[in-house]
Amino acid sequence: MSLRISFLFAALSAFLFVSCSPEHSKIVVAEYNNDKITMDEFEKAYAKNVGSLEAAVDDSFENYKNFADLYTNFKMKLEDAKSRGYQNDLALNQELLDYKKKVGSSYILEKHLVEPNIKDWYEKRKTEIRASHLMIRVDSTGEAAASKYAQSLLDSIKKGARFEDMVLKYSQDQFSKPKEGDIFYFTAGQLPYEFEDACYKIEKGKVYPEVVKTKFGYHIIKVTDKKPRVPKIKASHILISYMNPAGEVDTASAMLTMDSVLTELKANKDFGEVAMKYSDDTGTKEKGGDLGFFERRMMVQEFDEAVFNLEIGQISNVVKTNFGLHIIKATEKEAYPSFEQDRENLKNLLKRSRYPELYAELINNYKKEYNYSINDAAIQQMIGYNDSTVIGGDMNGANEIGNNTIFSFANHKETITDFYSRLKTDTEFSGKKFAEDLLKKGINKYSEEALIEEKALSLDKTDAQFADLMKDYQNGIFIFKLQEDEVWNRVSIDSVKLYNHYQKNMQKYYWQDRVGYTEIYAKKDSVIKHYYSLLKAGENFDSLAVKTERTQVKDKNGRYDLQVVGSTEFSKLVNNLNKVGDYTEPVPNPGGFSILRLDTKDSARLKTFEEAKPEVSGGFQEFESKRLENEYIDTLKKKYSPVINYDELRKAFKQNVN
């Protein structure tokens with residue numbers, strides 16, 4: 001089926017819609033039988049074919065004409081397929097159904113789950129937020145008690161209690177508690193979604209009006225800052241360590257050294273030169289202190305806060321961290337990427353964080369929509385008949401319980417037999433004992449796949465883009481079958497036809513200059529020199545070639561078959577030798593050294609029929625296919641009498657030019 005799929009339009013997944021006025025859109029580009037190709041249809045098809053509306057607008061009239069010919073032929077073929085009843089062909093319809101389920105499942109996950117969420121994140125990530133929180137963990141008192149306690153604290157804040165005071169008194173996040181709950185700056189995709197979502201919904205200085213639950217506990221959240229995000233910043237720094245050469249903490253000495261740094265910088269000395277002279281950061285010192293690009297939260301907070309407040313070229317005041325004293329210079333800021341530039345990064349972020357939750361939510365919605373149910377009694381029947389046995393062989397009790405339903409939805413009923421036939425061939429389950437948890441895991445896996453496929457079957461009724469995709473695929477399989485019936489299956493090959501084709505086209509089949517040679521290869525210079533001295537003393541070349549250390553040709557005793565001169569460096573070297581039997585001096589090559597002997601020279605010549613037979617066969621098939629294709633098109637033209645209004649094509653895409 002891959003051949004059939006690849007035969008379809010190259011831009012099958014490109015969905016471009018060309019805007020044009022009613023009058024322009026109704027211009028008739030071509031007519032055949034009783035059908036018309038309007039300008040609207042032509043422009044959409046052409047834009048899809050070339051990959052974009054921009055490329056279509058800029059294209060030439062000649063290309064429009066060529067495409068009009070091809071597209072009219074395409075439409076006549078579809079009309080012919082219809083007249084042959086392909087739309088009622090059971091095999092083709094089953095193929096279309098299988099494709100709809102397979103591609104539709106991927107489409108749903110990509111377009112209905114991933115795409116909307118990464119677009120939401122893309123917009124949110126234009127802003128960075130600083131927030132503080134008061135957190136109550138779920139302890140031995142349980143979920144309900146923790147939730148109630150957090151709500152009582154939020155009620156107190158709403159009544160006027162100061163948020164920061166409540167944090168210092170009640171928060172159970174020991175990391176942020178001493179900082180009045182501050183968790184510093186973040187953007188979407190870095191913290192639990194529930195926490196982030198609440199922060200993006202409120203203004204700076206506000207406390208979120210509800211308690212927020214995450215996997216860490218219950219949170220009362222206050223947003224303390226919101227501002228446009230700088231995705232990455234590039235900076236250089238000069239670090240003066242607190243540690244002196246003796247390995248002792250000496251802050252006074254560090255301050256004196258920093259005074260010298262500041263003096264030189266104030267005298268307009270180059271920052272990089274000063275860094276190379278004074279900095280204790282061995283990783284960046286030789287690069288003038290250059291740290292490269294980095295994101296928020298990649299550096300310690302004091303450093304991070306200072307550098308992201310700098311403008312390009314600005315130098316900071318002295319910044320104190322656990323590492324010592326820093327002077328920082330911002331050198332570049334990365335612009336916010338376009339959605340397409342950031343797409344893969346956003347998808348990876350989503351799949352590492354929210355994807356499982358979003359997927360589960362999607363499946364639950366489908367379960368409700370299709371009245372999904374599991375037959376727990378059937379699970380117990382499987383376990384009862386197969387206690388202490390492993391999945392993989394014949395299932396005990398198959399005759400008694402095999403037809404019982406184990407899960408169902410919509411019009412689908414999965415029997416125990418059908419379920420077990422998949423289970424026993426699945427490496428995730430085969431070889432393991434029958435157990436309730438394992439069987440339910442298998443049911444979830446297969447039912448989730450089936451639910452998404454069920455949704456895919458009706459997706460073309462609600463999603464215009466998917467409907468277009470399915471229509472394109474249906475057209476593609478019809479065209480493919482026509483090509484099979486009218487062209488490919490009618491190509492007849494025999495030796496007489498091939499030889500006649502060779503005789504007519506023999507100038508196409510020729511050899512370039514070629515050489516064959518043998519190599520003595522050694523990894524060490526001393527070994528190859530020793531071999532060379534033996535050759536000079538009269539040693540037989542082949543007796544040394546059998547010792548070659550190149551594994552790829554060791555079984556051929558170092559011999560290489562004929563190669564086109566110039567295709568490799570070795571072929572060039574050997575071709576420069578005067579006569580067969582001559583050999584080169586030792587020549588270096590990656591990983592070792594070689595001596596090469598010329599074995600044969602084959603000058604450029606025409607190929608014999610036997611030598612050219614594979615190429616002749618391919619060429620003949622191509623020739624015959626084109627001939628049969630042209631015959632078929634001529635038949636369609638006689639049947640449908642197409643007329644193409646080439647002059648109208650001069651108006652193509654003119655509505656799209658400003």
request  = Look only at the side chain of Q190 and the backbone of T187, and say whether a donor-acceptor pair between them is shorter than 3.5 Å.
outcome  = yes
Aromatic Y336 / basic K333 pairing, under 6.0 angstrom, 45° off normal = no
Residue F216 excluded, over 12 heavy atoms near CZ under 6.0 Å = no
ask   = Do K126 and E123 pass the salt bridge (Lys or Arg N to Asp or Glu O under 4.0 Å) test, and can you show the C-alpha distance, the side-chain angles, and the key distance before you say yes or no?
value = CA-CA 6 Å; K126 292 177 180 177; E123 293 302 321; 3.1 Å; yes
request  = For the pair E128 (side chain) and V230 (backbone), establish whether a donor and an acceptor sit closer than 3.5 Å, ignoring hydrogens and angles.
outcome  = no
ask   = Using 4.0 Å as the upper bound for N to carboxylate O, is an ion pair formed by K445 and E428?
value = yes
key: Q341 side-chain N/O to S338 backbone N/O, donor-acceptor pair under 3.5 Å   = yes
Polar side chain donor-acceptor pair, Q151 to D155, under 3.5 angstrom = yes
request  = May I ask you to decide if F186's main-chain N or O and R130's side chain share a donor-acceptor pair within less than 3.5 Å?
outcome  = no
task = Mind telling me whether H219 and H133 have parallel, tilted or perpendicular rings, with 30° and 60° as the class edges?
result = parallel
ask   = If you count the non-hydrogen atoms of other residues, nucleotides and ligands that lie under 6.0 Å from NZ in K554, is the total more than 12?
value = yes
query = Relative to each other, are the rings of F541 and Y583 parallel, tilted or perpendicular (30° and 60° limits)?
reply = tilted
message = Is a donor from one side chain sitting under 3.5 angstrom from an acceptor on the other, for E539 and Y531?
response = no
ask   = Can you check whether M135's main-chain N or O pairs, donor with acceptor, with S171's side chain at less than 3.5 Å?
value = yes
query = Is a donor on one side and an acceptor on the other found under 3.5 Å between the side chain of Q172 and the backbone of R137?
reply = yes
ask   = Do D342 and N345 pass the side-chain hydrogen bond (donor to acceptor under 3.5 Å, both in side chains) test, and can you show the C-alpha distance, the side-chain angles, and the key distance before you say yes or no?
value = CA-CA 5 Å; D342 209 24; N345 175 51; 3.2 Å; yes
message = If we ignore hydrogens and angles and just use 3.5 Å, is the side chain of E361 paired with the main-chain N or O of L358 as donor and acceptor?
response = no
inquiry  = With a sphere of 6.0 Å drawn around NZ of K158, does it hold more than 12 non-hydrogen atoms of other residues, nucleotides or ligands?
reply    = yes
message = Between K320 and E302, does any NZ, NE, NH1 or NH2 come within less than 4.0 Å of an OD or OE carboxylate oxygen?
response = no
Under 3.5 Å side-chain donor-acceptor pair for D463 and Y107 = yes
ask   = Is a donor on one side and an acceptor on the other found under 3.5 Å between the side chain of S60 and the backbone of N63?
value = yes
note = Between I136 and A146, the two heavy atoms sitting closest are CG2-O, 4.1 Å
task = For the pair K285 (side chain) and S279 (backbone), establish whether a donor and an acceptor sit closer than 3.5 Å, ignoring hydrogens and angles.
result = yes
inquiry  = Closer than 3.5 angstrom, by distance alone: can the side chain of D513 be matched with the main-chain N or O of A604 as a donor-acceptor pair?
reply    = yes
Mutual orientation of the aromatic rings belonging to F323 and H326 [parallel < 30°, tilted 30-60°, perpendicular > 60°] = perpendicular
ask   = Considering residues, nucleotides and ligands other than N322, do more than 12 of their heavy atoms fall under 6.0 Å from its CG?
value = no
inquiry  = Under a 3.5 Å threshold, yes or no: a donor from one side chain and an acceptor from the other, between D599 and T518?
reply    = yes
